[in-house]
Number of protein chains: 2
Amino acid sequence: MDAIDQSILRALQSDSSRSIAELAEIVGASTSSCHRRIKSLESAGFIAGYSAVLDPQRLGLKLHAFVEITLESQSRGAMESFEKAVCGFDDILECHLTTGQADYILRLAAHDLEQFDRVHRECLSLLPGVSAMRSSFAIRTIKQWRGYPTG
Amino acid sequence: MDAIDQSILRALQSDSSRSIAELAEIVGASTSSCHRRIKSLESAGFIAGYSAVLDPQRLGLKLHAFVEITLESQSRGAMESFEKAVCGFDDILECHLTTGQADYILRLAAHDLEQFDRVHRECLSLLPGVSAMRSSFAIRTIKQWRGYPTG
DNA sequence: AGTGAAATGGACAAATA
DNA sequence: TATTTGTCCATTTCACT
């Protein structure tokens, strides 16, 4: 994992549709070396896969929400049933067990407040063992980088 | 945007490295139809691009943090200089202006607590106009879906 | 279904360390 | 010496028309 590998990862994170020839020019290596490096980055597990990046605005998903949730009980059973329920809802994009005041942080996307209300009634309020819930809405996104720093 | 388009988007979000022939079989359409649909989804702006998905664990980024930040002043100048500073730091993966108690929600990745401490000192504490900061760490990720529901 | 571009994989010499 | 790289090469897969 040298500087060239890192810049390959950076380039592939921002645009994976480039040909190897283009990529090779960007990172300053030959096409064959570049190809070899990509294959080893894949098999070494640094690259987990490739995906299309959709535009949430264009899909009409104008509302982003963060929901902090505290459970009534931190018993194993309560957490397991909560987590299982969370995984079943497609509108819940992310869920992390966290330190701090809340127990879980969730990230949601919805079309508008009306649909969020429906999600709230049909998903969030059905989650078992919830004692407190605090929602924040994203008014504006300053920065959204789906990737990770490579070093 | 019919059911087939939606399932194309779903399939491309989970794995964009499939060939059009594979994709066509998954969504139940001919390869040529599938190809035409992808092209129009791209030019209509639903597909913003393609990217490699890296494994943060494999990169050694074992620490995910959420930081809620309140500014001393909500004046335009204070917010602009805060936001500009945020965009300059690669360790800050996401930043949203939000409703609720806090003003901003940030998402960070770091190798470990030690590096997070360095990020804290070298990035977060340098952000201008901050009055309060509350960090939560992800102990465990229950669910992480980078994509969006397609309808 | 056909065309052309690009990915894939191999062999070998040069370079690097 | 051993590992990596760059320049050919052949084959084949696949996007695109």
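By convention in this document, chain letters (A, B, ...) are assigned in the order of the sequence lines, proteins followed by strands, and residues within each chain are numbered from 1.
Rounded to whole Å, the distance from CG on D2(A) to P on dT16(C) is 14 Å. Taking atom CD1 of I4(A) as the reference point, atom P of dT16(C) lies 12 Å away to the nearest angstrom. Rounded to a whole Å, the CD1 atom of I8(A) is 9 Å from the P atom of dT5(D). Going from atom CG of L23(A) over to atom P of dG6(D) covers 13 Å, rounded to whole Å. If you take CZ of R37(A) and P of dG9(C), they are 18 Å apart, rounded to a whole angstrom. To the nearest angstrom, C1' of dT4(D) lies 16 Å from CD1 of I38(A). The separation between K39(B) atom NZ and dT17(D) atom C1' is 12 Å, rounded to whole Å. Put simply, CZ on R18(B) is 18 Å from C1' on dT13(D), counting in whole angstrom units.
As judged by a 4.0 angstrom heavy-atom cut-off over every strand, S33(A) is placed among residues touching the sugar-phosphate backbone only.
Taking only distance into account, the side chain of R36(A) meets the base of dG6(D) through a donor-acceptor pair shorter than 3.5 Å.
Side-chain atoms of H35(A) lie closest to dG9(C) of the nucleotides dC16(D), dG9(C), dG6(D). Nearest to the side chain of S19(B), among dT8(C), dA15(D), dC16(D), sits dA15(D).
Side-chain N or O atoms of D103(B) include one that pairs as donor or acceptor with a backbone N or O of L71(B) at under 3.5 Å. Under a 3.5 Å cut-off, the side chain of Q13(A) and the backbone N or O of R10(A) do not form any donor-acceptor pair. Under a 3.5 Å cut-off, the side chain of R37(A) and the backbone N or O of I8(A) do not form any donor-acceptor pair.
Between F66(A) and F66(B), the gap from one ring centroid to the other reaches at least 6.0 Å.
Residues T31(B) and I20(A) both approach DNA chain C. Their nearest nucleotides, taken by heavy-atom distance, put T31(B) toward the 5′ side. Map S32(A) and A21(A) each onto its nearest nucleotide of DNA chain C; the residue landing nearer the 5' end is A21(A).
Note on ring orientation: taking the six-membered ring where Trp is involved, the planes of H96(A) and H64(B) are parallel (angle under 30°, cut-offs 30° and 60°).
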